[in-house]
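One structure, pasted below without further comment.
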Amino acid sequence: MKRDADVIVVGGGAAGLLAAGRAAAAGARVLLLEKNAETGRKLKISGHGRCNITNIGDIRDFPAHYPGGGKFLHAAFHHLDNAALINFFAALGVKTKVERGGRVFPVSDDAEEVVRALRRYAQTAGVLTETGRRVTRLAVATGENAARPRVFGVYVAGETAPRRSGAVIIATGGAAFPGTGSTGDGYSLGKEVGHTVRTPLPALVPLRAAAGWLAGVQGLSLRNVKAALWINGRKKQEEFGEMLFTHFGLSGPIILTLSREAARALEEGAETEVRVNLKPALTSEQAARRLDRDLRQGGAKTLKGALEQLLPKRLIPVLIDLAALSPDQKAADLRREERRRLAALLQDLPLRLTGHLGFGAAVITAGGIDLTEVHPATMASKRADGLFWAGEVLDIDGVTGGYNLQAAFSTAFLAGQAAAAAPGNLVKSG
Ligand SMILES: Cc1cc2nc3c(=O)[nH]c(=O)nc-3n(C[C@H](O)[C@H](O)[C@H](O)COP(=O)(O)OP(=O)(O)OC[C@H]3O[C@@H](n4cnc5c(N)ncnc54)[C@H](O)[C@@H]3O)c2cc1C
């Protein structure tokens, strides 16, 4: 039966574009099928439209930045690390710069430049891209190895005959930001051939909290604070940095980092809290002494006035209320026990979590295709012959800072190379 391509790539996001280009550069005839009217829609909005493509940190430290899948990525990073990725884009004319936290962005601050470069890479290598093509099913036959089916192509919505190929790479992304096209289609495609899907959950997602006082502090951003995630009365994780109070709850970098574990706990119905330490540089004794000093110095002032050196203005009534004190009481009149309550809140401001903002607001999906069912050196499926995986559809999720795109690109590089060289594709890997 005539083939439509050696390699079919499903999904034209970061991973799909790079995998397609790589397979074509290795000599394969490649067909890229994207369901949107254009490729790279999520990439265009990544990094607030600036696209944080990777991180400049030591590649040996990268695995630690993935709460999900770090170990699995060793081989992928070995073949395409951050330096190689930066060079790859430089060769495509995309100059990059490094910002705070080692984040790498295009000098143009324009994510569209990155998308255009990837499209050019794929096109120049000979990839045929068809947009507006939603893959609905895998075309599967009994394999040479009776234990495993063989994937010989895909079915596209509205077409009766399958598109045939020697290998298929699934790069459909996760389930986060579904408006960009990543609606979790890859999970059902994987299940067709026996893949296990680790429950997809939103990660790097703002959290909802229940506290009447949030209305008074919405928009307030705190720097150099610590936020700890408590699950069923036990501290699970703690992060230092910047956070933001919103009308619905909490957001900002350290909250997003906590959100992966928080979302999982909330999903399981566990009691989940974030506790904020507003003065993490001080020991509890130092915090108590500092408070005593401010209260003494502000002796004649109201409590509200005496706390102005210590706290952001809008948080003062919140702490006073939670400590069951009155803002107009004289600072000097506070009893020892009242001072103790206030000092405790300075370093342990509790917020009960009630939920998260869901996939619609999540940067990444935690969960996905079980990594034990994928060869880390080739991204080949262990469940079906002729099938490869790349990008966020896998059970991989990183913290912010360029790690998620690096994982998408590195896995795509391997998948493209290996799919081009898959048995039945008469091409050598380049
Ligand atoms: C708002 C936002 C900002 C982000 N910023 C950054 C950042 O700056 N740095 C970083 O490292 N990470 C960032 N990320 C995460 C990063 O963008 C993703 O991890 C990455 O794009 C995943 O690439 P992917 O190719 O696997 O999936 P996607 O980019 O999601 O691409 C999947 C593609 O597959 C297509 N598709 C899906 N199903 C089908 C189907 N059935 N048939 C055909 N096509 C299909 C989709 O339409 C889509 O085009 C951000 C994410 C979001 C949501």
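This one's a predicted model, so the numbers in the text were calculated from it and none came from an experiment. Both counts, for ligands and for their atoms, begin at 1 and track the order of listing. The first residue of the sequence shown is numbered 1, and numbering continues consecutively from there.
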Inspect the contact between Lys35 and Asp185 and indicate whether a charged nitrogen and a carboxylate oxygen are less than 4.0 angstrom apart. yes
Taking only heavy atoms of the protein into account, state which residues are under 4.0 angstrom from an atom of ligand 1, in chain and number order. Val10, Gly11, Gly12, Gly13, Ala14, Ala15, Leu33, Glu34, Lys35, Asn36, Lys42, Ile45, Ser46, Gly47, Asn52, Arg133, Arg134, Val135, Ala171, Thr172, Gly173, Phe177, Thr180, Gly181, Ser182, Asp185, Ala362, Val363, Ile364, Gly391, Glu392, Gly402, Tyr403, Asn404, Leu405, Ala408
Does the cation-pi check pass for Arg22 over Phe413, that is, NZ or CZ under 6.0 Å from the six-membered ring centre and within 45° of its axis?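 Here Arg22 passes the 6.0 Å and 45° test against Phe413.
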In a table with atom names and distances, give each donor-acceptor pair under 3.5 Å that connects a side chain of residues 275-284 to protein atoms at least two apart or in another chain.
from, atom 1, to, atom 2, distance (Å)
Arg275, NE, Glu273, OE1, 3.0
Arg275, NH1, Asp348, OD1, 2.9
Arg275, NH1, Asp348, OD2, 2.6
Arg275, NH2, Glu273, OE1, 3.3
Asn277, OD1, Lys279, N, 2.9
Lys279, NZ, Leu310, O, 2.9
Thr283, OG1, Glu285, OE1, 3.4
Thr283, OG1, Gln286, N, 3.0
Thr283, OG1, Gln286, OE1, 3.4

Would you mind listing every side-chain hydrogen bond (donor to acceptor under 3.5 Å, both in side chains) that reaches into residues 218-235, with sequence neighbours excluded?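 Pairs touching residues 218-235 that pass the test: Lys235-Glu238.
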Hey, can you pull the donor-acceptor pairs under 3.5 Å for the side chains in residues 349-361, sequence neighbours left out?
from, atom 1, to, atom 2, distance (Å)
His356, ND1, Gly358, N, 3.0
His356, NE2, Glu267, OE1, 3.2

Please determine if Asp370 and Arg198 form a salt bridge, counting it only when a charged side-chain N lies under 4.0 Å from a carboxylate O. yes
